[in-house]
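Structure first, commentary second.
All values below come from the heavy atoms of this structure, side chains included, with hydrogens, waters and symmetry mates left out.
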Amino acid sequence: MRPLRKGMMKCALTLGVSLAAMLAGLSAPSSTAQAFELFGIHLWGQKTDTSQQVPDPIDYTVRLDMSETDTKSLREDLEAASTLFTRSDQPPSGEAGLISRSLSDLDRLVARLYAHGLYGGIVDITLNGRPLQQALETGDIPGSRPVETIITVSPGPEFTFGQIAFKGDLPPQDEGSETSFGLVSGERAASTRILSAEQKMALALKKQGYPKAEVSGRDIVADHATKKLDVTLTVATGPRARFGAVSVKGTDVTEPDFVISQAMIPVGETYSPDALEAARKRLNELGIFSSIQLVEGDVDPATGDMPITIEVTERKRHVIGAGATWSSSEGFGVEAYWRRRNLFGRGELLSIEGSAGHIGDAGADDMEYAARIALEKPGVFGPLTKFTTSLGAKQEVPDAYKSRSVTLDGYLSRTFTDTLTGRAGGEVFFADEEDAYGKDRYLLVGIPADLTFDNRDDKLDPSKGIYAALAIEPAYDTLQSHAMFFVKGTASSYVALDEAKRFILAGRVSAGSIIAPSVDAVPATRRMIAGGGGSIRGYAYRNVGPRLNGTVTGGRSLVEASAELRVKITGTLGVVAFVDAGNAYSDSIPDFSQPLKIGTGIGLRYYTPIGPLRVDLAMPLDPDKDDPDYALYVGLSQAF
């Protein structure tokens, strides 16, 4: 989305609407006022009361009294675990309901004390002054309403771990491995550490080929005299196994042998939970299943083989969607797509897409259009490969040029590791363009290839990791009879400055070059031009670079850099301070004697389950012709 110019509305609104959502809205009864919420924020209409109506609701107040001075975090933890607190706005059904809720809290609160290593704690609950046990025996709560509910907690002393022992047929551990599984004598005896140790122990055994390994016994003794907690865990490894036959259930359209091939479960090799998780990930990336379960069978005592059943549920094959955009500077835009998943039963995806822009802002000749049909075929040369091909046509009308182009391409992709992927293919590109150099036509035949490394922990909101991509393409213009070479690389890195990952430092650098006889020998749509939301925020879209008679022409090299400090204020809100810099140059090698264009600004983030909603306000420090005084950008996910 491009920024708006000064003198016009300073905000561009982008709205995407799926066809299913539109149909759902049309089917709602017109006589009922409808409420609308976006990412949990109530925007308009009467909110629907989703609370369930209970018979004979009884109101109550609740208070937590701590008989001993303790940490604030313990009080907060106890209140968070108590349903009397967390559901205080949902009255229970009658006196029996309040008694039942209080009984549930007894177990919850004692468990939380154990989690803090407090094994001598006492929890009492009174209802209108009557002890909970007495209220349970009589079945009633006399007195006024609302019922005064008081939780009294005496935490008691903190216990530490005493003797730690493991029993059972434990296999030999790898050198340097953690044999205590997090249980260390003398440290705080939190119950959660015992549960974590059991999980670590079972997982360690599974990774050594024991799929049925479990902690079969737990002996825990609290010595109140010494304030020590002795722990003995008994382990049952079960039989060592290797992967046996793989079968598939739940497929309707998808061919079972394709599912087995894509899962790549190594039949005959020693059982490994990591191999199953990798198989689940590969199947999920196909995008054709709504659920995937890998069910482990019984281990054959004679052979040690353990069969695996892949149980899947297929997603709907047809997907149709539509969207709309509007900005005060460029008018309306619409887009739509139709997709068919699993076209031939082996994960194929057929897509047909179309869009139109500048509606109402320009005549038919100056509107922007795009249409594209694409086919994706996974597993074309084995489960780690994929073939894609597309045919697209578009008309682009930015301020600097007008272009009509058609592109036909095909790529073969390969996954090398969990973090490294690459692809290579062929491309035919035709363009009929008009820019500052005049009118011209281009017919490029190229061999594009790219390599991507990505070990970020979250694609939409990373807090650590590196993303790096390198793209190259040798091409030949058959109409102008000359060759050219495109290369561009980008890298970004993310570092959390604190353990809670509330402060994230993010940086990105990009550089590109085109080896060609001259700038005008390169199609305008393929030249290096900076500026805009994905480049130097604050400047107009594709408005930074070499100029001819005041009009941006683009160049043959480019350098960009961005830095952000992201601060998460609450669980759902965050702020960002950022600075972007860059420029495009006429020559194939950047001329750093020309100053960089710098944009700076602040942003707001609203964190949703599908990623952060981003709003950035940016200001260009050295605006040029057609650049705004400031620009507003809205999107989903971080800027990079």
Side-chain angles (χ1 to χ4, degrees), residues 64-86 102-126 131-133 150-208 210 212-238 499-500:
L64 173 62
D65 287 344
M66 303 281 285
S67 60
E68 297 180 11
T69 302
D70 211 287
T71 62
K72 180 182 177 182
S73 62
L74 175 60
R75 174 180 289 274
E76 293 175 347
D77 196 14
L78 292 175
E79 291 181 354
S82 166
T83 57
L84 287 169
F85 273 94
T86 59
S102 301
L103 284 171
S104 174
D105 262 16
L106 278 179
D107 292 336
R108 289 172 176 269
L109 295 176
V110 169
R112 292 317 302 164
L113 290 178
Y114 288 175
H116 285 263
L118 306 170
Y119 294 88
I122 299 174
V123 179
D124 289 316
I125 299 177
T126 61
L132 177 59
Q133 186 62 34
I150 300 176
I151 304 172
T152 303
V153 176
S154 175
E158 184 179 277
F159 280 59
T160 57
F161 285 118
Q163 294 183 355
I164 306 295
F166 302 102
K167 294 182 178 180
D169 298 328
L170 285 171
Q173 301 292 305
D174 295 333
E175 184 176 352
S177 64
E178 183 186 16
T179 56
S180 65
F181 301 102
L183 301 181
V184 180
S185 296
E187 293 189 357
R188 184 165 62 95
S191 61
T192 51
R193 299 181 69 174
I194 300 175
L195 297 175
S196 176
E198 293 178 1
Q199 294 172 355
K200 290 179 180 179
M201 188 181 303
L203 180 59
L205 292 171
K206 289 177 184 292
K207 287 186 175 182
Q208 295 188 37
Y210 298 88
K212 308 301 181 181
E214 62 179 356
V215 175
S216 58
R218 179 194 301 157
D219 187 13
I220 300 175
V221 178
D223 188 334
H224 290 264
T226 61
K227 309 300 183 295
K228 296 289 185 180
L229 191 76
D230 297 333
V231 179
T232 301
L233 300 179
T234 303
V235 182
T237 60
E499 188 174 348

To check you understand the geometry: which heavy-atom pair defines the closest contact between [X] and [Y], and what is its length?
X: Tyr210; Y: Gly238; value: CD2-O, 3.3 Å
X: Thr126; Y: Pro131; value: CG2-CA, 4.2 Å
X: Thr86; Y: Ala80; value: CG2-O, 3.3 Å
X: Pro155; Y: Leu113; value: CA-CD2, 4.4 Å
X: Leu118; Y: Pro157; value: CD2-O, 3.5 Å
X: Phe161; Y: Val184; value: CB-O, 3.5 Å

Worksheet item: Cut-off 3.5 Å, side chains only: do Asp105 and Ser82 have a donor facing an acceptor?
Response: yes

Which residues pass the side chain to side chain donor-acceptor pair (under 3.5 Å) test with [X], not counting sequence neighbours?
X: Ser104; answer: Arg108
X: Arg218; answer: Glu198
X: Thr160; answer: Lys228
X: Asp77; answer: Arg112, His116

Discussion item. The criterion is ring-ring contact (aromatic ring centres under 6.0 Å, His included); which residues satisfy it with Tyr114, sequence neighbours excluded?
Written reply: Tyr119

Separation of [Y] [atom2] from [X] [atom1] (nearest 0.5 Å):
X: Met66; Y: Thr152; atom1: CE; atom2: OG1; answer: 10.5 Å
X: Ile125; Y: Gln133; atom1: CD1; atom2: CD; answer: 11.5 Å
X: Asp230; Y: Asp223; atom1: CG; atom2: CG; answer: 7.0 Å
X: Leu64; Y: Ile150; atom1: CG; atom2: CD1; answer: 10.5 Å
X: Leu84; Y: Glu79; atom1: CG; atom2: CD; answer: 11.5 Å

Report yes if some heavy atom in the side chain of [X] is under 4.5 Å from a heavy atom in the side chain of [Y]; otherwise report no.
X: Leu203; Y: Leu205; answer: no
X: Phe85; Y: Leu78; answer: no
X: Phe166; Y: Met201; answer: yes
X: Leu103; Y: Leu132; answer: yes
X: Ile194; Y: Leu229; answer: yes

Discussion item. Checking Val123 against Ile151 for the side chain to side chain contact (heavy atoms under 4.5 Å, CB included) test, could you report, in this order, the C-alpha distance in whole Å, the side-chain angles of both residues, the deciding distance, and whether it holds?
Written reply: CA-CA 7 Å; Val123 179; Ile151 304 172; 4.3 Å; yes

Discussion item. Under the salt bridge (charged side-chain N to carboxylate O under 4.0 Å, His left out) definition, can you give me all pairs with a residue in residues 181-195, not counting sequence neighbours?
Written reply: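 Sorted pair list: Glu187-Arg193.
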
Discussion item. Checking side-chain contact (heavy atoms from CB on, under 4.5 Å) between Ser216 and each of Leu233, Val235, Thr237, Thr234, which is the one that passes?
Written reply: Thr234

Worksheet item: Quick check: does any side chain N or O of Lys227 sit under 3.5 Å from a backbone N or O of His224, one acting as donor and the other as acceptor?
Response: yes

